[in-house]
Amino acid sequence: MRSDPSPSPDEAMRLPDPQRIGQLDVHPVRLGQLLAWFEYALACTQKRTVFYANIYAVNLAEHDSVFKKSFAQADLVFCDGQGLRLGAALLGRPLPERFTPPDWIHRLAASCATHGYGIFLLGGEPGVAAAAAARLLQHHPGLRVASHHGYLSTDPTVEAAALEAIAAFQPSLLLVGMGMPTQERWVAVRRIDLAVPVVMTVGALFAYLAETVPRGPRWLTDHGFEWLCRLWYEPRRLWRRYLLGIPRFFGLILRQKITHRG
């Protein structure tokens, strides 16, 4: 029996029409589609920008116009939250999967190692990105990987040094983990200066790889309760995002549903 032919580059790069959730457009892609898209995007020289969306992102976009414009410039926005997926379903705009970078970064890194694509990690406190890069290299010998911390705003010379390091390394993939909304704003401003085929925001990925912040058990994170695990480990920093943000999000979804009915 003949196997199905591999998708052509045009087919792999073609994305389904995005779903409008609040003020953001989110592409209803599955993880397999995303990884195939990455494979072809990394092979070409055109610039691509990838963001993830969750409840927090939708809430931020309601009152942060700069953040909203940053998302509008992204080539691909995927669903990274079961709450967002539930809200989309309530609107009748289904998102087929939720997937978060910590769960599939090793698949992406393995592909990069195979094809010789370099990965640059930008973000986190000093030492965190370096530890995350070392962990990737441990799992994927031969991977070209480099890093720089993400504390760039207080001293222009530090940001300049980071940009120089990225340019000197010439990565195919830049992962930016500065937390939302800082990472999206930074990418939107600096994208023109970054001669990198693919740039993706990754939130707390480096902290998870470096094991400076624990993740919850899979039986919770895989069933819509990653937010609860994050709240448990970092309550002082995240309580507003979740305890106030989740009800705010579903109120927004209800208003959007009523508005589009009328």
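On a predicted model such as this, the values are computed, not experimentally measured, just so you know.
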For a salt bridge (charged side-chain N to carboxylate O under 4.0 Å, His left out) check, start with the C-alpha distance between Arg190 and Glu159, then their side-chain angles and the critical distance, and finish with the verdict.
CA-CA 10 Å; Arg190 290 300 180 192; Glu159 183 179 32; 3.0 Å; yes
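- How far SG of Cys44 is from CD of Glu39: 12.0 Å, rounded to the nearest 0.5 Å.
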Side chain to side chain contact (heavy atoms under 4.5 Å, CB included) between Phe206 and Thr212: does it pass, once the steps are laid out?
CA-CA 9 Å; Phe206 305 156; Thr212 58; over 6 Å; no
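- Summarising the geometry of Phe71 relative to Ala53, their closest heavy-atom pair is CE2-CB, 4.3 Å, with the distance given to 0.1 Å.
- Cluster membership for Leu252 and Leu90, using ILVMFWY side-chain heavy atoms within less than 4.5 angstrom, is shared.
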Please test Arg85 against Glu97 for salt bridge (charged side-chain N to carboxylate O under 4.0 Å, His left out), starting from the C-alpha separation and ending with a verdict.
CA-CA 8 Å; Arg85 191 167 174 239; Glu97 272 188 79; over 6 Å; no
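- A donor-acceptor pair shorter than 3.5 Å cannot be found between the side chains of Gln183 and Arg185.
- A side-chain contact (heavy atoms from CB on, under 4.5 Å) with Leu76 is found for one member of Leu34, Thr49, Val198 and no other, namely Leu34.
- Annotation: the span from Gln46 atom CD to Asp75 atom CG amounts to 9.0 Å, rounded to 0.5 Å.
- Counting heavy atoms from C-beta on, the side chains of Ser172 and Arg144 never come closer than 4.5 Å.
- Between Ala129 and Gly123, the shortest heavy-atom distance links the atoms CB-O, 3.4 Å.
- Taking the side chain as every heavy atom from C-beta outward, Arg14 and Trp37 never approach each other to under 4.5 Å.
- In this structure, the side chains of Ser147 and Leu122 stay at 4.5 Å or more apart for every pair of heavy atoms.
- Ring planes of Phe78 and Trp104: perpendicular class, angle over 60° (limits at 30 and 60°).
- Of all non-hydrogen atoms in Ala210 and Ala132, the two that sit nearest each other are CB-N, 4.0 Å.
- For the pair Lys68 (side chain) and Glu62 (backbone), a donor-acceptor distance under 3.5 Å is absent.
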Walk me through it: do Leu175 and Val199 pass the test side chain to side chain contact (heavy atoms under 4.5 Å, CB included)?
CA-CA 6 Å; Leu175 304 179; Val199 176; over 6 Å; no
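- The same ILVMFWY cluster, assembled from side-chain heavy atoms under 4.5 Å apart, contains both Val176 and Phe169.
- Checking side-chain atoms of His115 against main-chain N and O of Tyr117 turns up no donor-acceptor pair under 3.5 Å.
- Considering CD1 of Ile119 and CG of Leu143, their distance stands at 4.5 Å, rounded to 0.5 Å.
- Considering all non-hydrogen atoms of both residues, Pro181 and Phe67 come closest at CB-CD1, 3.3 Å.
- Remark: side-chain polar atoms of Asn59 are paired, donor with acceptor, to backbone N or O of Gly245 under 3.5 angstrom.
- You'll find the side chain of Leu209 reaches within 4.5 Å of the side chain of His106, heavy atoms only.
- The nearest pair of heavy atoms linking Pro197 to Ala41 is CB-O, 4.2 Å.
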Mind running side chain to side chain contact (heavy atoms under 4.5 Å, CB included) on Leu163 and Leu194 for me, showing each step along the way?
CA-CA 8 Å; Leu163 292 171; Leu194 297 167; 3.8 Å; yes
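- Between the CD1 atom in Ile166 and the NE2 atom in His148 there is a gap of 8.5 Å [rounded to 0.5 Å].
- Atom CG of Asn54 and atom OG1 of Thr100 lie 8.5 Å apart (nearest 0.5 Å).
- At a threshold of 4.5 Å between non-hydrogen side-chain atoms, the residues Glu211 and Arg135 count as touching.
- Side-chain atoms of Pro18 and Val26, non-hydrogen and from C-beta on, never get closer than 4.5 Å to each other.
- For the pair His149/Val128, no side-chain contact is recorded, criterion being any heavy-atom separation below 4.5 Å from C-beta on.
- The CD1 atom of Ile105 lies 12.0 Å from the NE2 atom of His139; values are rounded to the nearest 0.5 Å.
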So Val77 and Leu24, side chain to side chain contact (heavy atoms under 4.5 Å, CB included) or not? Walk me through it.
CA-CA 9 Å; Val77 177; Leu24 300 183; 6.0 Å; no
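- Hydrophobic clustering, with ILVMFWY side chains joined whenever heavy atoms are under 4.5 angstrom apart, keeps Phe120 apart from Tyr151.
- More than 12 heavy atoms of other shown residues, nucleotides or ligands fall within 6.0 angstrom of atom CG in Asp193.
- At least one side-chain heavy atom of Val187 sits under 4.5 Å from a side-chain heavy atom of Phe51.
- Using modelled atom types, one side-chain atom of Gln256 and one backbone atom of Gly22 make a donor-acceptor pair closer than 3.5 Å.
- A donor-acceptor contact shorter than 3.5 Å links the side chain of Lys47 to the backbone of Arg191.
- Closest approach of Ala133 and Val145 over heavy atoms only: CB-CG2, 3.7 Å.
- For Gln73, the CD atom is densely surrounded, since the number of other residues' heavy atoms within 6.0 Å is greater than 12.
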